[in-house]
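See structure below.
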Amino acid sequence: MRIETILKLIVKVLGIVLCIKFLQLLTYEGSLLMFFIDFSGDTSHSEILVALLSLLAMIVFFLFVIWLCLRKTESVVKLLALRKGFNPDEETSISLSAENIIRIATIVLGGYLV
């Protein structure tokens, strides 16, 4: 397995973790916003608009970063200069099948969620 493949795999796993965090953000901020709108009788429309715009900005940012990590992995690796110091043609002694990679990712993400 080449170093470039390992780096791409790490960036894609980061994208999956960000998807989980995005779902947590939506549930938390959505419920907070509903509480803010329903139970705050003295809240002005401008405060609600600011809360909605900040939520929209967070959603756009998360979706953009997730899109970069999952779809434009090569661009992220180049942008962060992750290949710096590695020989691009160098093979590592790690040989993993696709099944083992999925198992490792499932274990890591499962441990992260617990």
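FYI, side chains are in, hydrogens and waters are out, and symmetry mates aren't considered; it's all heavy atoms of this structure.
- Atoms CZ and CG, from Phe61 and Leu18 in turn, are 8.5 Å apart once rounded to the nearest 0.5 Å.
- Hydrophobic clustering keeps Val11 apart from Ile102 (ILVMFWY residues linked when any side-chain heavy atoms are closer than 4.5 Å, directly or through intermediates).
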Query raised in the report: Does the pair Ile16 and Cys69 meet the rule for a side chain to side chain contact (heavy atoms under 4.5 Å, CB included), with working shown?
Result: CA-CA 8 Å; Ile16 293 170; Cys69 287; over 6 Å; no

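- The main-chain N or O of Leu70 is found under 3.5 Å from a side-chain atom of Lys12 such that the two form a donor-acceptor pair.
- For the atom pair OG1 of Thr106 and CD1 of Ile101, the computed distance is 11.5 Å after rounding to the nearest 0.5 Å.
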Report task. List the steps, then state whether side chain to side chain contact (heavy atoms under 4.5 Å, CB included) holds for Ile59 with Leu55. Result -> CA-CA 6 Å; Ile59 288 172; Leu55 178 62; 4.0 Å; yes

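- In the hydrophobic clustering of this structure, Met58 groups with Ile20; members are Ile, Leu, Val, Met, Phe, Trp, Tyr whose side-chain heavy atoms approach within less than 4.5 Å, directly or through other members.
- Separation of atoms CZ (Phe64) and NZ (Lys72) is listed at 10.5 Å; rounding is to 0.5 Å.
- Looking only at side-chain heavy atoms (C-beta outward), Leu49 and Leu53 come within less than 4.5 Å of each other.
- How far CG of Leu9 is from CD1 of Ile104: 8.5 Å, rounded to the nearest 0.5 Å.
- For residues 95-114, the pairs satisfying salt bridge (charged side-chain N to carboxylate O under 4.0 Å, His left out) are Glu99-Arg103, with sequence neighbours left out.
- Taken from CZ in Phe22 to CD1 in Ile66, the straight-line distance is 6.0 Å, to the nearest 0.5 Å.
- The NZ atom of Lys21 sits 13.0 Å away from atom OH of Tyr28, with the distance rounded to the nearest 0.5 Å.
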